[in-house]
Structure formats: C-alpha cells, structure tokens
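Reading through the structure tokens given below for one structure.
Note that the structure is predicted; figures quoted are calculated from it, not measured.
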Amino acid sequence: MNHRYFLKSNKEQSHIQLKIGIVAFFFNLIILAVAIVSGFYILFILSIVITLSIIAPFFDVPTLKKNGRLIYYSSLFIAEKEKNGTIIVHGGSLFDYVFVIDKTLNGIQRTNFILQRYLEGVLNLIANCEKEHNTSVKIKGTTYILNERTANKIGLKTTKTDFIQKLILTYNYVNVLVSNSIAKKKLSFPSMNNIKTFECEINDLIERKEFIIALNNKLKNTATNSL
C-alpha cells in the first residue's frame, strides 16, 4: 500500500503527531488570547471544536489500524471489522488525503485517483470475502466522491443516510470541507445533499466484478498517462 505515513518508522510517525499536536495547541492558545481580549469566548469554543475535528483522524486512524479495528483494502478505502453481518466502509479521511494524494495532480486527476483507489479497495475486499467464503455479508458506506450513477453501475444501492451519520458529518463539516478542497484542489464547500449512503451484499459486487475491474484499469491508465 502506497501510503507515505505508514511507510515511515514508528519514531517518524510519532514526530508527525507531536508536531500536529503542538501546532493545534499554540493555534488555540492564540485564539484564547484573542477571546479574552475581545470577550468573545465562543470563538475559543468554536476553535477547539474545529481543531479537534481536523486533527482527530491523524491520531484516531493510525491507532485504529494498529489495533486491527480498521483495515486498509487500498490507500483510500478502509473498512471496519464485520459486525452483525455488515462491514462499514470508508473512503480516505483527511489524514489519508494528506499522505496519499500527489500534490502535483489537478482537480479532475485527483478525483479520478480517489475513485480508482476506491475501486481497487472494493476489488481487494471482494477477494478477501471470496477467500473467507463470506460473500453474503453486507457492506455500507457514506461518501461525497462516488456519485449515484457510478455506484449503481458497480452494484451499490442508495439508502437513506441515518440521523447519527448526518449528525457526525455536520459536526465534522470543516473536516469534510478541507478534504473536499484537497480532492478538488480548490476551495470547495460540500453540500450535505451530495453526500450519499450506499449498501449492498458482496455478491452484488461480484456480479459486477468485471465492470469494476475494467473501470479500475481505465482510471489507472488515465492516471498513468497524465503523469
């Protein structure tokens, strides 16, 4: 897996997290000073909430991966451990975008790259489920990158995004804003209406496996030719 963070030594990873923590601490210290001088204390509270939302994946994701609670099927496609017959899948977090996406790519190339990594992860997940003879398991995920038309083509079905998920996304709006802006290589405010939840059984994906392979190869070749 080509993920710059996980290619680093444990010591280097710890240094990165320490730097992020120090920057966040001093940023909030400055905001606190401004809040005290201005008497606008809500500013400090908002700063804490937003900062935690942005830096959380840089600490949570590596820890959950180390504990085996998150499994990387590609550098931008992650799954939780199966629970009650369902595997919750995630596209890359802000943490992954920072360490995986090539900064020289333009917006369209980045979006294609992300989608290709999604498809690569789906294929690896299929292979793993086939190996374990667990193809009736359901997968479920929420994304703003994969559009409904493409999702349906690869076997995914649109389902209602539950209230808890919407609440989490609302709380992490600034995180999603930064991630979306990195993906588009420009300031891009995500619309909550564009965030979709998809689900299906692995068997549904297997039925569309040849199409997924073809689309994955097409996107991979497009990325190679653009370099």
Side-chain angles (χ1 to χ4, degrees), residues 1-21 23-24 53-66 70-79 89-127 141-147 149-151 153-154 169 172-191 194-196 198 211-227:
M1 180 177 67
N2 188 19
H3 196 298
R4 293 193 300 275
Y5 181 86
F6 295 118
L7 292 176
K8 298 180 183 296
S9 67
N10 290 335
K11 186 176 180 180
E12 289 174 319
Q13 292 177 7
S14 296
H15 283 167
I16 289 171
Q17 291 180 326
L18 180 61
K19 288 177 182 178
I20 292 171
V23 170
S53 169
I54 291 174
I55 72 172
F58 291 86
F59 296 88
D60 295 344
V61 175
T63 300
L64 292 171
K65 178 182 182 295
K66 185 177 181 180
L70 286 181
I71 303 166
Y72 275 80
Y73 285 99
S74 79
S75 56
L76 293 176
F77 187 85
I78 311 155
V89 297
H90 305 274
S93 65
L94 174 58
F95 158 75
D96 300 299
Y97 280 19
V98 168
F99 287 102
V100 173
I101 295 177
D102 186 341
K103 294 178 177 60
T104 64
L105 298 179
N106 62 37
I108 294 176
Q109 291 169 336
R110 291 183 183 203
T111 301
N112 287 338
F113 173 79
I114 293 167
L115 180 56
Q116 188 272 316
R117 286 295 190 269
Y118 278 16
L119 297 174
E120 183 180 290
V122 168
L123 291 170
N124 289 332
L125 176 59
I126 290 173
T142 301
T143 179
Y144 55 89
I145 293 292
L146 189 63
N147 62 54
R149 182 168 173 269
T150 302
K153 281 187 175 182
I154 67 175
L169 289 170
N172 287 305
Y173 184 81
V174 176
N175 183 302
V176 177
L177 165 63
V178 176
S179 299
N180 196 46
S181 297
I182 290 175
K184 303 291 178 61
K185 202 177 183 178
K186 63 180 181 180
L187 182 61
S188 181
F189 292 89
S191 168
N194 292 334
I195 295 175
K196 305 291 184 183
F198 302 101
F211 174 80
I212 297 172
I213 291 172
L215 183 55
N216 179 55
N217 289 336
K218 179 181 178 181
L219 290 170
K220 192 180 292 185
N221 291 335
T222 300
T224 301
N225 293 334
S226 66
L227 296 177

Separation of Leu215 CG from Leu115 CG (nearest 0.5 Å):
6.0 Å
side-chain contact (heavy atoms from CB on, under 4.5 Å) involving Lys153 - partner list, sequence neighbours excluded
Arg149, Phe211
Can you name the side-chain hydrogen bond (donor to acceptor under 3.5 Å, both in side chains) partners of Thr150, sequence neighbours left out?
Asn147
Side chain Gln13, main chain Tyr5, donor-acceptor under 3.5 Å
yes
I'd like to check the side-chain contact (heavy atoms from CB on, under 4.5 Å) partners of Thr63; sequence neighbours left out, ordered by chain and number.
Asn67
Is a side-chain N or O of Asn221 found less than 3.5 angstrom from the main chain of Asn217, in a donor-acceptor match?
yes
Count the heavy atoms of every other residue, nucleotide or ligand shown that sit under 6.0 Å from CD1 of Ile108, and state whether that count exceeds 12.
no
By side-chain contact (heavy atoms from CB on, under 4.5 Å), which residues pair with Ser188, not counting sequence neighbours?
Asn180, Ser181, Lys184
Taking the side chain as everything from C-beta on, heavy atoms only, tell me whether Leu94 gets closer than 4.5 Å to Ser179.
yes
Taking all non-hydrogen atoms of both residues into account, name the closest pair between Ile78 and Gly91 and its distance.
CD1-O, 4.3 Å
Using a 3.5 Å distance criterion without hydrogens, assess whether the side chain of Asn175 forms a donor-acceptor pair with backbone atoms of Ser53.
yes
Say you draw a straight line from CD1 of Ile213 to CG of Leu123; how long is it, rounded to the nearest 0.5 Å?
5.5 Å
Over all atoms of both residues, closest heavy-atom pair of Tyr73 and Gly121:
CB-O, 3.5 Å
For the residue pair Ala79 and Val89, what are the closest heavy atoms and their distance?
CB-CG1, 4.0 Å
Restricting to side-chain contact (heavy atoms from CB on, under 4.5 Å), what partner residues turn up for Lys185, sequence neighbours left out?
Arg110
Under the side-chain hydrogen bond (donor to acceptor under 3.5 Å, both in side chains) rule, collect the residues that match up with Ser191, sequence neighbours excluded.
none
Candidate pair Arg117 and Ser74, rule side chain to side chain donor-acceptor pair (under 3.5 Å), full reasoning:
CA-CA 6 Å; Arg117 286 295 190 269; Ser74 79; 5.6 Å; no
side-chain hydrogen bond (donor to acceptor under 3.5 Å, both in side chains): pairs with one or both residues in residues 89-101, sequence neighbours excluded
His3-Asp96, Tyr72-Asp96, Glu80-His90, Ser93-Asp96
Does Phe58 reach the side chain of Ile16, with side-chain heavy atoms less than 4.5 Å apart?
no
Look up atom CG in Leu119 and atom CG in Leu146, then write down how far apart they are to the nearest 0.5 Å.
7.5 Å
Do Pro62 and Phe95 come within less than 4.5 Å of each other through their side chains, counting heavy atoms only?
yes
Roughly how far, to the nearest 0.5 Å, is OG1 of Thr142 from CG of Leu169?
6.5 Å
Distance in Å, Lys66 NZ paired with Phe6 CZ, rounded so as to fall on 0.5 Å steps
11.0 Å
According to side-chain hydrogen bond (donor to acceptor under 3.5 Å, both in side chains), who are the partners of Asn112, at least two apart in sequence or on a separate chain?
none
Do Thr143 and Lys196 come close enough that some side-chain heavy atom pair is under 4.5 Å?
no
Quick one: does Ser75's side chain get under 4.5 Å of Phe99's, heavy atoms only?
no
Could you tell me if the side chain of Asn2 sits less than 4.5 Å from the side chain of Leu7, heavy atoms only?
yes
Is a side-chain donor or acceptor of Arg4 paired with a backbone partner of Val98 at a separation under 3.5 angstrom?
yes
Quick one: list whatever passes side-chain hydrogen bond (donor to acceptor under 3.5 Å, both in side chains) with Asn124, sequence neighbours left out.
none
Please determine whether side chain to side chain contact (heavy atoms under 4.5 Å, CB included) holds for the pair Leu125 and Phe77, giving the CA-CA distance in whole Å, both sets of side-chain angles, and the decisive distance to 0.1 Å.
CA-CA 9 Å; Leu125 176 59; Phe77 187 85; 4.1 Å; yes
So CD of Gln109 and OG1 of Thr104: to nearest 0.5 Å the spacing works out to 7.5 Å
